[in-house]
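These figures come from a predicted structure and were not determined experimentally.
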Amino acid sequence: MPTTEVLARRYRRLLRCYPRDWRRARAAEVIALLLDAAPAGRTRPTAREAVDLVRAGLRCRLGRPASRTVVAWAALATVICGLFAGALASRAAWETSRPQPDRAEAAAILSEVFPGHDLGDIDTPPALFVVYGHPLTLRNVRSVLLGDGGEYQESATGAGATGAPPVPAEQIVAVARLRLTDGGWRVYDPEVSGGVSCADKLCATPMEITDTTLVARRGDTILNASISSQTAVDATYLAVELHRAPPPAVVPAGVLGALLGAAAGWLVFGWASRRTEGRRVSGTAASILFGVTMVLWWLPVLLTAPYLFTHHLAEPHPAWHPPWEWLGQPTASLLFLVGAVCALLALGLAAGPRRDRSPVALVG
């Protein structure tokens with residue numbers, strides 16, 4: 001194949017960054033100009049040419065050449081779509097996780113780490129993720145979407161011991177740390193907090209108590225234990241939870257989903273931007289709807305992400321919180337749903353026939 005045809009084919013691939021209508025009208029002319037300017041024997045576009053063509057093509061997809069804000073709004077839409085798609089893909093990848101520890105596995109771990117403590121019955125969860133201890137179904141999905149989204153979380157196998165500790169709490173923690181280390185667990189520094197407990201309603205005899213949180217991980221199993229120095233007969237002095245760490249597929253699935261979601265967000269935004277360019281009524285309405293969508297989708301992220309980041313720095317975490325929690329979901333799922341409705345309405349307006357040609361910016 002002649003070098004000119006090879007170079008033209010590669011230029012044509014780069015021009016796919018431009019909208020289809022633009023390529024039909026101008027691709028042949030642009031390729032001819034590029035070939036005329038290329039020295040003899042070249043078979044590949046230069047890096048500068050490739051970057052310029054990709055950058056100009058992506059900008060062309062947004063339309064509105066006179067707008068100074070369309071790129072910023074497109075970036076916001078691209079990033080948030082990528083984040084939501086990545087979170088959804090990571091949640092799907094969670095299904096590759098092993099089930100939570102069953103009674104036999106939990107009993108073996110508890111007897112190894114906390115010998116001599118009667119932890120009673122072991123509670124096993126019905127699903128990997130639960131809402132108030134129950135699997136997510138059509139019956140309770142409404143509560144998740146309308147205010148109780150924060151209750152949607154990974155389940156755990158749990159057990160507890162009540163009454164006065166048979167030995168001091170400090171000894172329980174020391175023995176547990178030693179046994180965990182000998183058993184191949186990675187043990188994190190315990191977190192100790194203090195408080196006051198009252199033996200009667202009038203609190204005539206206040207007692208200082210300590211609560212120690214012990215966290216460890218072995219393989220894909222995470223242990224969370226809370227040890228209290230309280231001595232009340234009906235209170236729990238030892239509570240233990242066992243749950244799974246995120247499976248290996250979560251990270252690659254999240255990254256791939258984020259990239260695909262970001263690409264789709266950019267393309268859809270660009271299509272809607274070009275479709276509403278020059279429309280007065282429908283273009284303005286689409287701009288308002290899109291602006292509302294961005295506010296409703298970004299607000300939970302801006303409020304939640306800094307809090308979770310501080311939370312992770314303050315406490316030991318063998319595994320990070322799942323991606324959707326960093327986006328404020330499903331706690332703020334109502335805001336997400338309203339934003340999604342606004343986005344669909346904006347896309348519906350963009351898909352409508354063009355009836356006017358008055359220039360208007362998509363947002364701002």
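In this structure, P318 and R186 have side chains that are not in contact, with every pair of non-hydrogen atoms separated by 4.5 Å or more. Between T331 and E325, the closest side-chain pair of non-hydrogen atoms is not below 4.5 Å. Contact annotation: the side chain of F84 approaches that of Q329 to within less than 4.5 Å [non-hydrogen atoms, C-beta and beyond]. The shortest side-chain heavy-atom distance between T181 and W185 does not fall under the 4.5 Å cut-off. The closest side-chain heavy-atom distance from V215 to L223 is not below 4.5 Å. Two residues are said to be in side-chain contact when any heavy atoms from C-beta on lie closer than 4.5 Å; Y18 and V30 fail this criterion. Two residues are said to be in side-chain contact when any heavy atoms from C-beta on lie closer than 4.5 Å; R103 and D123 fail this criterion. In this structure, the side chains of F336 and L296 stay at 4.5 Å or more apart for every pair of heavy atoms.
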Next on the checklist: side-chain contact (heavy atoms from CB on, under 4.5 Å), that's the test. Do W298 and V79 meet it? Break it down for me.
Outcome noted: CA-CA 10 Å; W298 272 106; V79 173; 3.6 Å; yes

Item to check | Residues V141, L136; criterion side-chain contact (heavy atoms from CB on, under 4.5 Å); working and verdict | outcome: CA-CA 6 Å; V141 69; L136 182 64; 4.2 Å; yes

Next on the checklist: Show, in sequence, the C-alpha distance, side-chain angles and deciding distance for H317 and Y188, and conclude whether the side chain to side chain donor-acceptor pair (under 3.5 Å) test is met.
Outcome noted: CA-CA 8 Å; H317 281 80; Y188 295 79; over 6 Å; no

Checklist entry - Should L53 and Y11 be marked as a side-chain contact (heavy atoms from CB on, under 4.5 Å) after you check the CA-CA gap, both sets of side-chain angles, and the distance that decides it? => result CA-CA 9 Å; L53 288 174; Y11 279 133; 4.0 Å; yes

Checklist entry - Would L349 and L289 satisfy side-chain contact (heavy atoms from CB on, under 4.5 Å), going step by step from the backbone distance to the final call? => result CA-CA 10 Å; L349 291 173; L289 290 169; 3.9 Å; yes

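Using a 4.5 Å cut-off between side-chain heavy atoms of Ile, Leu, Val, Met, Phe, Trp and Tyr, with links allowed through other members, V250 and F129 fall into the same hydrophobic cluster. Under a hydrophobic-cluster definition in which Ile, Leu, Val, Met, Phe, Trp and Tyr are linked whenever side-chain heavy atoms come within less than 4.5 Å, directly or via other members, W324 and W320 are assigned to different clusters. Side-chain heavy atoms closer than 4.5 Å link hydrophobic residues (I, L, V, M, F, W, Y) into clusters, and following such links, even through other members, never connects I222 to I227. No single ILVMFWY cluster, assembled from side-chain heavy atoms under 4.5 Å apart, contains both L302 and Y307. A continuous path of hydrophobic side-chain contacts links L337 to F290 [ILVMFWY only; heavy atoms under 4.5 Å].
Partner of V173 under the side chain to side chain contact (heavy atoms under 4.5 Å, CB included) criterion, out of V192, T213, T212: T212 alone. Tested against Q100, the residues E154, H243, E241 include a single side chain to side chain donor-acceptor pair (under 3.5 Å) partner, E154.
Distance OH/Y132 to OG/S143: 7.0 Å, rounded to 0.5 Å. For the atom pair OG1 (T293) and CD1 (I80), the distance works out to 11.0 Å, reported to the nearest 0.5 Å. Rounding to the nearest 0.5 Å places CG of L238 at 10.5 Å from CD of Q230. Remark: M294 CE to F269 CZ distance equals 8.5 Å, nearest 0.5 Å.
Across all non-hydrogen atoms, the minimal contact from T157 to P101 is OG1-O, 2.5 Å. Of all the heavy atoms in L335 and P300, the pair that sits closest is CD1-CG, 3.9 Å. Residues P65 and E277 approach most closely at CD-OE2, 3.6 Å, considering heavy atoms. The two atoms that bring S333 and V144 nearest to each other are OG-O, 3.2 Å, heavy atoms only. The shortest non-hydrogen separation linking G149 to P330 is O-CG, 3.2 Å. The minimum heavy-atom distance linking I122 with L110 is given by the pair CD1-CD1, 4.1 Å.
Within 6.0 Å of the CG atom in D36, the count of heavy atoms belonging to other residues, nucleotides or ligands exceeds 12. Counting heavy-atom neighbours within 6.0 Å of D121 CG, excluding the residue itself, gives a total of 12 or less. The 12-atom threshold is not exceeded at CG of D118, counting heavy atoms of other residues, nucleotides or ligands nearer than 6.0 Å.
S229 places no side-chain N or O within 3.5 Å of a backbone atom of I209 that could act as its donor or acceptor partner. Not a single donor-acceptor pair under 3.5 Å links the side chain of E95 to the backbone N or O of L128. A donor-acceptor pair under 3.5 Å is absent between the side-chain atoms of R98 and the main chain of P247, judged by distance alone. Side chain of R275 to backbone of G352: a donor-acceptor contact under 3.5 angstrom is found. S155 contributes a side-chain N or O that, together with a main-chain N or O of A127, makes up a donor-acceptor pair within less than 3.5 Å.
Note: H312 and W326 have parallel aromatic rings, judged against thresholds of 30 and 60 degrees for the angle between ring planes.
For R61, the side chain to side chain donor-acceptor pair (under 3.5 Å) test picks out no residue, with sequence neighbours left out. Qualifying salt bridge (Lys or Arg N to Asp or Glu O under 4.0 Å) partners for R26, counting only residues two or more places apart in sequence or in other chains: none.
Side-chain contact of S193 with D211: a donor-acceptor pair under 3.5 Å is absent, judged by distance alone.
Between R42 and E49, at least one side-chain N (NZ, or NE/NH1/NH2) sits under 4.0 Å from a carboxylate O, which counts as a salt bridge. R244 has a carboxylate O that lies under 4.0 Å from a charged side-chain N of E105, or vice versa, which qualifies the two as a salt bridge.
Residue V255 is found in a hydrophobic cluster whose other members, listed by chain and number, are V251, L259; membership requires side-chain heavy atoms under 4.5 Å apart, directly or through intermediates.
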